[in-house]
Novice: 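Here's a structure for you.
Owing to the predicted nature of the structure, the values given are computational and were not obtained by experimental measurement.
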Amino acid sequence: MRRRNFLATLGAAALWPSHGYAQQAALRRLGYLTLSSNAEPYLTHFRQGLREFGLHEGKNIVVDVKSAATAKVLPDMVADLLRDKVAIIVTNQTPATRAAQAGTRDIPIVMAPAGDPVGAGFIKSLAQPGGNITGVSASGPEAAAKTLELMRELLPTLKRIAVLLDANNPYSKPFFEQINAAGKTMAVDVQPYSVKNNDELEAAFPALVKARSEAAIIVNTLGFPAVALAVKHRVAAIGTNSAFADAGCVLSYNADPRDLCYKAASYVDRIFRGQRPSDLPVALPTKFELVINHKVARSFGMTVPQTLLLRADKVID
């Protein structure tokens with residue numbers, strides 16, 4: 001069975017000492033830390049993954065969800081989780097992992113997922129993470145270049161594209177670098193717009209429209225507010241979250257959240273069984289999801305190639 005085979009590849013690991021991670025009698029408490037705009041679909045899929053490993057809320061576990069409106073409140077939420085004596089902190093997206101790492105070097109942290117965890121300094125290597133952090137890496141920054149390739153298929157005359165980046169997310173740097181490198185090979189001018197807050201995000205869209213950007217790629221952690229602004233300003237956008245296509249992006253391309261969350265749940269299960277986070281290799285995505293909003297594409301006068309429609313996992317009409 002594929003899922004069980006995945007678990008076997010993680011290999012045997014030594015027992016993680018103390019802290020009550022293997023407690024059996026009491027309800028075991030998990031902290032789930034995320035930015036509010038990125039809670040779904042990951043949280044729902046993660047909960048489903050937990051159930052598949054026999055971890056049921058109210059029966060043998062409690063999941064304490066902390067959803068931050070902005071990255072600056074994440075450290076306070078980590079402090080709340082530590083006061084609640086959670087056994088494991090599960091982090092959704094890179095800023096949440098960074099905040100959890102700053103808050104504790106003892107309690108296990110499971111990335112679900114985080115982008116470029118080696119580059120962000122969360123782990124030593126994918127094979128031997130070391131420390132208290134393990135889990136799932138999101139699609140590597142090299143996959144970001146694929147978003148530009150997909151937009152070029154939709155818009156063969158594309159010459160200039162904007163990339164909306166989250167200044168609070170260290171993953172934004174490799175994300176942009178890969179897209180920029182791809183742009184050079186395709187003779188596409190790639191323009192970065194790095195924003196720290198909602199005011200800067202709102203100002204970025206009139207600026208990129210004025211600069212005659214023909215489309216925009218939105219990094220995941222900017223969330224639905226960025227998608228809403230793209231819709232408002234009539235910017236053809238690509239998202240890196242499957243829900244972004246439903247919200248108004250022309251298409252989205254990202255690692256399959258169901259697969260990522262199942263893998264994250266497997267790490268929770270193994271740590272509860274006594275294994276060390278430092279000895280559990282970090283998993284990479286193996287499945288990717290392409291969603292095309294055909295209705296939005298047509299509204300921009302785009303003709304979606306049949307070959308692209310056939311490759312899509314979901315087409316919205």
Novice: State which residues pass side chain to side chain donor-acceptor pair (under 3.5 Å) with R152; sequence neighbours excluded, sorted by chain then number.
Specialist: none
Novice: Stepwise, does the side-chain contact (heavy atoms from CB on, under 4.5 Å) test hold for N254 with E289?
Specialist: CA-CA 6 Å; N254 66 313; E289 185 177 46; 4.2 Å; yes
Novice: What I want to find out is whether K314 reaches D246 closely enough, with some N-O distance under 4.0 Å, to be called a salt bridge.
Specialist: yes
Novice: What is the distance from atom OG1 of T91 to atom CD1 of I109, rounded to the nearest 0.5 Å?
Specialist: 6.5 Å
Novice: Take N169 and T221 through the side-chain hydrogen bond (donor to acceptor under 3.5 Å, both in side chains) test and state the conclusion after the steps.
Specialist: CA-CA 7 Å; N169 186 349; T221 48; 3.0 Å; yes
Novice: Restricting to non-hydrogen atoms, name the atom on G115 and the atom on T94 that form the minimum distance, rounded to 0.1 Å.
Specialist: N-OG1, 2.9 Å
Novice: Does R51 have any salt bridge (Lys or Arg N to Asp or Glu O under 4.0 Å) partners at least two apart in sequence or in another chain, and if so, which?
Specialist: none
Novice: Under a 4.5 Å side-chain heavy-atom rule over Ile, Leu, Val, Met, Phe, Trp and Tyr, are L150 and F288 clustered together?
Specialist: yes
Novice: Determine whether N92 and P113 make a side-chain contact, defined as any pair of heavy atoms from C-beta on separated by less than 4.5 Å.
Specialist: yes
Novice: Measuring from I271:CD1 to L280:CG, what's the distance to the nearest 0.5 Å?
Specialist: 6.0 Å
Novice: Rounded to the nearest 0.5 Å, what separates atom CG in L164 from atom CD in Q191?
Specialist: 12.0 Å
Novice: Looking at R160 and D189, is any side-chain nitrogen of the basic one under 4.0 Å from a carboxylate oxygen of the acidic one?
Specialist: yes
Novice: Side-chain contact test, heavy atoms from C-beta onward, threshold under 4.5 Å: evaluate it for V65 versus L33 and give yes or no.
Specialist: no
Novice: Starting from V291, can I reach V219 by hopping between I/L/V/M/F/W/Y residues whose side chains sit under 4.5 Å apart?
Specialist: no
Novice: Apply side-chain contact (heavy atoms from CB on, under 4.5 Å) to Y267 and I88, showing your working.
Specialist: CA-CA 10 Å; Y267 284 95; I88 300 171; over 6 Å; no
Novice: Do I292 and I316 come within less than 4.5 Å of each other through their side chains, counting heavy atoms only?
Specialist: no
Novice: State yes or no: do V231 and F300 share one hydrophobic cluster built from I, L, V, M, F, W and Y residues joined by side-chain heavy-atom distances below 4.5 Å, directly or via other members?
Specialist: no
Novice: Could you list the residues that satisfy side chain to side chain donor-acceptor pair (under 3.5 Å) with K66, not counting sequence neighbours?
Specialist: none
Novice: Counting distance only, does the side-chain N/O of S213 pair as donor-acceptor with the main-chain N or O of A215 below 3.5 Å?
Specialist: no
Novice: Who passes salt bridge (Lys or Arg N to Asp or Glu O under 4.0 Å) against K232, sequence neighbours left out?
Specialist: none
Novice: Would you compute the distance between atom CG of L55 and atom CD1 of I61 and round it to the nearest 0.5 angstrom?
Specialist: 5.0 Å
Novice: Can you name the closest pair of heavy atoms from G239 and F244 and give their distance?
Specialist: CA-CD2, 3.6 Å
Novice: Does R212 have more than 12 heavy atoms from other residues, nucleotides or ligands lying within 6.0 Å of its CZ?
Specialist: no
Novice: Main chain of P277, side chain of N132: is a donor-acceptor contact present, judged purely on distance under 3.5 Å?
Specialist: no
Novice: Under the side-chain contact (heavy atoms from CB on, under 4.5 Å) criterion, do E153 and L308 qualify, and how do the steps go?
Specialist: CA-CA 8 Å; E153 287 190 59; L308 191 58; 3.9 Å; yes
Novice: Looking only at heavy atoms, which two atoms of P257 and S242 are closest? And how far apart?
Specialist: CG-OG, 4.0 Å
Novice: Counting N and O atoms only, with roles assigned by atom type, does the side chain of S172 sit under 3.5 Å from a partner on the main chain of D166, one being a donor and the other an acceptor?
Specialist: yes
Novice: Is a donor on one side and an acceptor on the other found under 3.5 Å between the side chain of Y262 and the backbone of L50?
Specialist: no
Novice: Please list every donor-acceptor pair under 3.5 Å in which a side-chain atom of residues 76-84 meets a protein atom from a residue at least two apart or in another chain.
Specialist:
unit_1 : atom_1 : unit_2 : atom_2 : d
D80    : OD1    : R83    : NH2    : 2.2

Novice: Can you name the residues that form a side chain to side chain donor-acceptor pair (under 3.5 Å) with N180, not counting sequence neighbours?
Specialist: none
Novice: Just so I know, are the side chains of N220 and Q93 near enough to count as touching, which here means a heavy-atom distance under 4.5 Å?
Specialist: yes
Novice: In plain terms, say whether K263 and D256 are close enough for a salt bridge, that is, a side-chain N and a carboxylate O under 4.0 Å apart.
Specialist: no
Novice: If you take all heavy atoms of A145 and Q178, which pair is closest and at what distance?
Specialist: CB-O, 3.8 Å
Novice: Which donor-acceptor pairs under 3.5 Å do side chains of residues 119-128 form with protein atoms, sequence neighbours excluded?
Specialist:
unit_1 : atom_1 : unit_2 : atom_2 : d
S125   : OG     : Q128   : N      : 3.0
S125   : OG     : Q128   : O      : 3.3

Novice: Considering residues at least two apart in sequence or located in another chain, which fulfil the side chain to side chain contact (heavy atoms under 4.5 Å, CB included) criterion with A264?
Specialist: F46, V110, A112, V136
Novice: With no hydrogens and no angle check, is any side-chain donor or acceptor of R105 less than 3.5 Å from a backbone partner on Q101?
Specialist: yes
Novice: Between I218 and T240, is a side-chain contact (heavy atoms from CB on, under 4.5 Å) present by the stated rule, with each step listed?
Specialist: CA-CA 7 Å; I218 301 172; T240 53; over 6 Å; no
Novice: Could you tell me if the side chain of P95 sits less than 4.5 Å from the side chain of L74, heavy atoms only?
Specialist: yes
Novice: Run through the side-chain heavy atoms of Ile, Leu, Val, Met, Phe, Trp and Tyr, join any pair under 4.5 Å, and report what else lands in L310's cluster.
Specialist: none
Novice: Quick one: list whatever passes side chain to side chain donor-acceptor pair (under 3.5 Å) with K159, sequence neighbours left out.
Specialist: none
Novice: Does a donor on one side chain sit under 3.5 Å from an acceptor on the other, for D259 and T286?
Specialist: yes
Novice: Where is the tightest heavy-atom contact between A255 and L260, given as atom of each residue plus distance?
Specialist: CB-CD1, 3.7 Å
Novice: For E214, which residues count as a salt bridge (Lys or Arg N to Asp or Glu O under 4.0 Å) partner, sequence neighbours excluded?
Specialist: none
Novice: Rounded to the nearest 0.5 Å, what's the gap from CE on M186 to CD1 on I179? Could you check?
Specialist: 10.0 Å
Novice: As an exercise, state the distance from CG of L222 to CG of N241, rounded to the nearest 0.5 Å.
Specialist: 11.5 Å
Novice: Do you know which two heavy atoms are closest between V282 and S137, and how far apart they sit?
Specialist: CG1-N, 3.7 Å
Novice: State whether E52 and R47 are salt-bridged, where the test is any N-O pair (Lys NZ or Arg NE/NH1/NH2 against Asp/Glu carboxylate O) under 4.0 Å.
Specialist: no
Novice: What I'd like to find out is whether the side chain of L251 reaches to under 4.5 Å of the side chain of L154, using heavy atoms alone.
Specialist: yes
Novice: Are any of the side-chain heavy atoms of Y171 and F176 separated by less than 4.5 Å?
Specialist: no
Novice: Less than 3.5 Å apart, which donor and acceptor atoms pair up between the side chains of residues 192-211 and the rest of the protein, not counting sequence neighbours?
Specialist:
unit_1 : atom_1 : unit_2 : atom_2 : d
N197   : OD1    : D199   : N      : 3.2
N197   : OD1    : E200   : N      : 2.9
E200   : OE1    : K196   : N      : 2.8

Novice: Evaluate the side-chain proximity of Y253 to I238: yes if any heavy-atom separation is below 4.5 Å, no if none is.
Specialist: no
